[in-house]
Every structure is written in structure tokens, then in C-alpha cells.
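We use all heavy atoms of the structure for the numbers below, so side chains are in, but hydrogens, waters and symmetry mates are not. Keep in mind the model is a prediction, meaning the values are calculated, not measured.
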There are 2 protein chains.
Amino acid sequence: MKNNIKVERAKKDMTQEQLAEALCVSRQTINAIEKNKYLPSTLLALKMSNLFGLTVNELFILEEGD
Amino acid sequence: MKNNIKVERAKKDMTQEQLAEALCVSRQTINAIEKNKYLPSTLLALKMSNLFGLTVNELFILEEGD
DNA sequence: ACTAAAAGTATAATATATTTTACATAAAGC
DNA sequence: GCTTTATGTAAAATATATTATACTTTTAGT
């Protein structure tokens, strides 16, 4: 599993903390997702999708073995 | 939050058990998601997305208050 | 080099998702 | 009515996501 959160966040010129606030989650959650420590819930993935204007499928990419 | 799993499953003429097997989860998980007891993980949502040929966003729809 | 802001990391606590087992109900065919 | 298959439901156990607190490291500006 791979994701583009860090890149999309950079496009919007947001810090992890700003993104966390916009999504009503903690900064650690954003950091953990960017560092691939775990996947977000579908709810959070959909909120990110809305915020970045991309589908969940575009933000989170399945890889071999997932 | 709303989802179209039951309808898409019907289109494919699959039982909950068949869908569960195809996705490597338990039948109860499928049932619980269809009955909106909880949301799947993003991993499972993406697998469903692949199987049905729809984006996660098309399968799971945010509503007011989510 | 100093400072401040941002990002990374760790651990424990809580919340949510998933499994397993088991039983109850609904629908369909015979 | 009986049987079978599909669906609904429940409780306990496990796995995973999220939070809170706190500390370290990196980065950028001065």
C-alpha cells in the first residue's frame, strides 16, 4: 500500500498540523499515515478525498500482497 | 454514511458468503457493513472497489454529520 | 551557531474493525 | 409443513486505528 498524502499536502502548502486540524484528527495520525505505519479508516480516507479533490483510489494505491 | 454494497453484490448475483470469500473476510463483516454497523478499513474498501469496478467514493457516500 | 517551526518517534490508553462461534429469522423449493 | 440456503444478530476475543503526552531530530531563517 502506497499513498500520496504528503505530496497532495505539499501541493496545498499545508503542514501536518494544519491538515490534521482540517480533518479533525491528531497530527500523529497524519504523520503515521504518511509514514505508512497504518491505514486510515474509510471515513478519514473519504474526508481526505474530499479535501484534496481526488478519489480514495487515487490517494491510496494497492500494491502486490495487500 | 451510506453504501451500495448490497446493490452491487446483487448485480453480481453473489451471496454475502461468496463476497466474503472473494474478499478474504468473514461473512459477518460483509453483513455488518451492509447493515451499517461499522465502516470497513480502507484496505477492505479498496478491495471492494476493485471487485465491483467502482471507486471507493462511489461505493461509500459521506452524508451530513459524518 | 541560535532559534523556531515542522516532522519524526515512542508508549500507553481508548475506540473501532474483524473474527469466531453460535443461534435466530426469512425466503424458496419441494 | 419440512428442509435448505441466505440473512440477521450477539457476545467475547483479537487486531488495528486514533488520541494524548512527551521527547528527539530535521529544516529553514536570521
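When each of C:dT18, D:dT7, C:dT9 is scored by its nearest atom to the side-chain atoms of B:Leu44, the top-ranked nucleotide is C:dT18. In the set D:dT18, D:dG8, C:dT19, C:dT19 carries the atom at the smallest distance from any side-chain atom of B:Thr29.
Atom CG in B:Asp13 sits about 13 Å away from atom C1' in D:dT5, given to the nearest Å. Between B:Ile33 atom CD1 and D:dT7 atom P there is a gap of 15 Å when expressed in whole angstrom units. B:Met14 places its CE atom 11 Å from the P atom of D:dT7, with the value rounded to the nearest Å. Distance B:Glu21 CD to D:dT7 P: 13 Å, rounded to the nearest Å. Computed from coordinates, the A:Lys35 NZ to C:dA6 P distance equals 17 Å when rounded to whole Å. The CG-C1' distance, from A:Asn36 to C:dT9, rounds to 16 Å in whole Å. To the nearest angstrom, P of C:dA17 lies 13 Å from CE of B:Met48. The distance between atom OH of B:Tyr38 and atom P of D:dT16, rounded to the nearest whole Å, is 14 Å.
When the options A:Val7, A:Ile5, A:Asn3 are evaluated for a side-chain contact (heavy atoms from CB on, under 4.5 Å) with A:Leu59, the one that passes is A:Ile5.
For B:Leu39 and B:Arg27, each mapped to the nucleotide of DNA chain C holding its nearest heavy atom, the one lying further toward the 5' end belongs to B:Leu39. In this structure, B:Pro40 and A:Lys37 both approach DNA chain C, and ranking their closest nucleotides by distance from the 5' end singles out A:Lys37.
Within the 4.0 angstrom heavy-atom criterion, only backbone atoms of the sugar-phosphate kind lie near B:Gln16; the bases stay farther away. Among the protein residues, A:Thr15 comes within range of the sugar-phosphate backbone only, with heavy atoms under 4.0 Å from sugar or phosphate atoms but none that close to a base.
Atom CG of residue B:Asp66 and atom NZ of residue B:Lys2 lie 12.0 Å apart, to the nearest 0.5 angstrom. Once rounded to the nearest 0.5 Å, the distance linking CG of B:Leu46 with CG of A:Leu62 reads 4.5 Å.
Taking 3.5 Å as the limit, the base of D:dT21 and the side chain of A:Gln28 contain a donor-acceptor pair of atoms between them.
Taking side-chain N and O atoms only, A:Lys6 has a distance below 4.0 Å to OP1 or OP2 of C:dG8. OP1 or OP2 of D:dG8 sits under 4.0 Å from a side-chain N or O of B:Asn31. One finds no side-chain N or O of A:Ser41 lying less than 4.0 angstrom from the OP1 or OP2 phosphate oxygen of C:dA17. Contact check, B:Arg9 against D:dT7: a side-chain N or O comes under 4.0 Å of OP1 or OP2.
Side chains of A:Thr29 and A:Leu23 form no contact here, defined as non-hydrogen atoms less than 4.5 Å apart.
Remark: B:Ser41 pairs with no residue by the side-chain hydrogen bond (donor to acceptor under 3.5 Å, both in side chains) rule, at least two apart or across chains.
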